[in-house]
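Data first, discussion second: the structure below is written as structure tokens.
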Amino acid sequence: MRYPDGGGLTAKQRARREQVRFEAAELFAQGVTPPQVARRLRISRKSAYAWHARWRDGGVEGLRSKGPSGRPSQMKPEWRAWLAAELEKGPAAHGWTQDQRWTLARVSVVIARRFHVRFSPAQTWRILRQMGWTVQMPVRRAAERDEEAVATWLKETLAAGGRTVRDRDAWLCFADEAGQLLRPPKACTWSRPRDPSLVRVRAAGSGRVSLAGLVCQKADQRTRLVFRTLVHHGRKGEKKGFREKDFASLLDGAHQQLGGNIVLVWDNYRHHVDAAMRELIGKGPWLTVVRFPTYTPDLNPAEGVWAHLKKSLGNLAPCSIDDLAGLVRTRLKRMQYRPDLLDGLIAETGLITTPP
């Protein structure tokens with residue numbers, strides 16, 4: 001098979017293949033037959049017989065690699081550097097504003113517009129692989145996010161919180177809330193071709209499980225997860241989510257469980273910043289509050305807890321909201337016994353949580 005864009009093997013792969021051929025030549029010189037060579041070197045008999053014929057006619061030099069097959073690639077090295085820079089700009093910079101996906105067809109169009117050479121999808125895929133690009137799930141980020149404000153927060157506010165952690169020998173706790181309905185997130189499963197599996201889910205009026213949690217870290221202590229759940233069955237007058245007193249109860253429980261001062265980092269959710277919450281926070285001398293910048297959920301490791309939880313609930317089919325609540329509590333309790341997982345969620349945010 002010919003590869004118009006420069007061959008199917010890289011230079012390193014061709015060198016490895018050539019080394020195997022030289023090993024085969026040594027075995028042929030010792031009188032080993034092609035079938036035996038195929039078994040020893042784990043190659044096909046067809047390749048062994050072809051190599052034997054070339055060795056018989058030209059010796060070891062007859063087995064030396066002749067370079068990539070096919071004609072030279074039309075994608076020049078300087079073109080690849082240009083293409084990488086253009087792809088970094090995103091599809092919107094090239095006119096695709098409906099969605100922000102780089103597809104093989106779009107990449108091929110970008111190359112054709114600049115160099116007037118049209119590559120097939122297979123050739124474009126191979127070019128991107130040789131450039132080190134792979135298919136990935138993009139990370140979503142709010143357009144309203146202020147990167148300068150985030151940099152200032154990391155440099156000043158979080159650093160000040162870190163010094164408070166050190167000075168007060170406190171726990172650094174990241175807080176967040178989430179919710180889960182009976183309708184589960186989609187996940188992959190095995191199924192027969194043209195006969196996809198069917199997961200029946202409840203459409204509406206089935207209640208909700210509200211979640212609030214703290215990821216707590218302290219030097220020389222294992223990382224902790226403290227959480228509370230609130231089940232809403234959809235009944236009239238039933239509380240639908242956490243309020244100020246519920247958050248205060250969660251913080252009091254964390255204080256008793258951790259046994260020390262707390263530096264709390266959470267977002268600007270309205271129940272976190274209203275007068276009632278400020279009054280409750282003011283009653284706890286053991287508590288210091290630091291607020292995230294707006295539109296920065298990726299800085300909160302508690303978001304990773306909910307993502308990990310919901311991934312484990314893929315294709316779930318519980319019978320009632322109480323069954324779902326029990327399963328959620330079980331999964332979160334398992335995470336409490338995995339401090340390495342919690343440490344990984346903190347590391348994923350890129351935050352430096354230890355003061356200088």
Side-chain angles (χ1 to χ4, degrees), residues 1-18 65-151 183-199 293-299 303-304 307-308 310-311 314-315 348-350:
M1 179 178 180
R2 289 182 176 272
Y3 298 91
D5 64 332
L9 299 177
T10 64
K12 185 176 181 179
Q13 291 171 332
R14 285 195 298 272
R16 188 182 303 114
R17 185 70 168 176
E18 186 179 61
S65 175
K66 298 179 181 179
S69 61
R71 58 190 176 90
S73 172
Q74 298 183 60
M75 191 66 185
K76 301 177 181 178
E78 58 270 23
W79 293 10
R80 298 176 191 269
W82 176 87
L83 178 60
E86 293 302 311
L87 295 181
E88 291 288 353
K89 297 178 181 178
H94 295 272
W96 290 287
T97 57
Q98 300 89 347
D99 60 75
Q100 295 300 293
R101 294 181 301 157
W102 275 124
T103 64
L104 296 177
R106 290 180 177 181
V107 175
S108 178
V109 169
V110 170
I111 297 173
R113 287 174 179 173
R114 177 66 175 81
F115 302 109
H116 309 290
V117 177
R118 174 74 70 170
F119 290 97
S120 69
Q123 292 171 324
T124 305
W125 178 88
R126 198 172 295 113
I127 290 170
L128 292 175
R129 293 287 293 183
Q130 291 171 352
M131 292 170 55
W133 288 60
T134 58
V135 179
Q136 299 180 15
M137 183 69 70
V139 177
R140 296 180 182 270
R141 181 161 291 178
E144 299 86 350
R145 175 173 171 142
D146 187 345
E147 295 296 342
E148 292 185 3
V150 173
R183 180 176 296 178
K186 290 184 178 180
C188 296
T189 184
W190 287 91
S191 180
R192 293 180 180 276
R194 298 177 297 279
D195 184 20
S197 60
L198 177 65
V199 178
T294 55
Y295 304 108
T296 55
D298 53 300
L299 297 179
E303 290 277 357
H308 186 82
K310 294 187 177 185
K311 184 178 180 180
N315 297 340
E348 189 176 14
T349 65

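Numbers here simply count residues along the sequence, with the first being 1.
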Assess Arg114 against Trp82: is NZ or CZ under 6.0 Å from the centre of the six-membered ring, and within 45 degrees of the ring's axis?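 Satisfied, under 6.0 Å and within 45°.
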Going by heavy atoms in the side chains, are Leu128 and Leu87 under 4.5 Å from each other?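 They are in side-chain contact.
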Atom pair [atom1]/[atom2] of [X] and [Y] - distance to nearest 0.5 Å:
{"X": "Ile127", "Y": "Leu104", "atom1": "CD1", "atom2": "CG", "answer": "10.0 Å"}
{"X": "Arg113", "Y": "Ser108", "atom1": "CZ", "atom2": "OG", "answer": "10.5 Å"}
{"X": "Glu86", "Y": "His94", "atom1": "CD", "atom2": "NE2", "answer": "4.0 Å"}
{"X": "Glu78", "Y": "Leu83", "atom1": "CD", "atom2": "CG", "answer": "12.5 Å"}
{"X": "Phe115", "Y": "Lys76", "atom1": "CZ", "atom2": "NZ", "answer": "9.0 Å"}
{"X": "Ile111", "Y": "Met75", "atom1": "CD1", "atom2": "CE", "answer": "4.0 Å"}

Identified side-chain contact (heavy atoms from CB on, under 4.5 Å) partner of Phe119 from the options Thr124, Val107, Val109: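 Result: among Thr124, Val107, Val109, Thr124 is the only option passing the side-chain contact (heavy atoms from CB on, under 4.5 Å) with Phe119.
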Name all residues meeting the side chain to side chain contact (heavy atoms under 4.5 Å, CB included) criterion together with [X]; count only those two or more places apart in sequence or in a different chain, and write none if there are none.
{"X": "Thr294", "result": "Asn268"}
{"X": "Lys311", "result": "none"}
{"X": "Thr296", "result": "Arg145, Val150, Phe292, Pro293, Asp298, Leu299"}

Is it true that, when you exclude [X] itself, more than 12 heavy atoms of the residues, nucleotides or ligands shown sit nearer than 6.0 Å to its [atom1]?
{"X": "Tyr295", "atom1": "OH", "answer": "no"}
{"X": "Gln100", "atom1": "CD", "answer": "yes"}
{"X": "Glu148", "atom1": "CD", "answer": "no"}

For a side-chain contact (heavy atoms from CB on, under 4.5 Å) check, start with the C-alpha distance between Trp102 and Val110, then their side-chain angles and the critical distance, and finish with the verdict. CA-CA 10 Å; Trp102 275 124; Val110 170; 3.9 Å; yes
Determine whether Gln130 and Arg80 satisfy the following criterion, side-chain contact (heavy atoms from CB on, under 4.5 Å), listing intermediate values before the conclusion. CA-CA 9 Å; Gln130 291 171 352; Arg80 298 176 191 269; 3.1 Å; yes
Between Val117 and Trp79, does a side-chain contact (heavy atoms from CB on, under 4.5 Å) hold up when you go through it step by step? CA-CA 11 Å; Val117 177; Trp79 293 10; 4.0 Å; yes
Closest non-hydrogen atom pair between Pro91 and Arg106, with its separation: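 Shortest heavy-atom separation between Pro91 and Arg106 comes out as CB-NH1, 4.2 Å.
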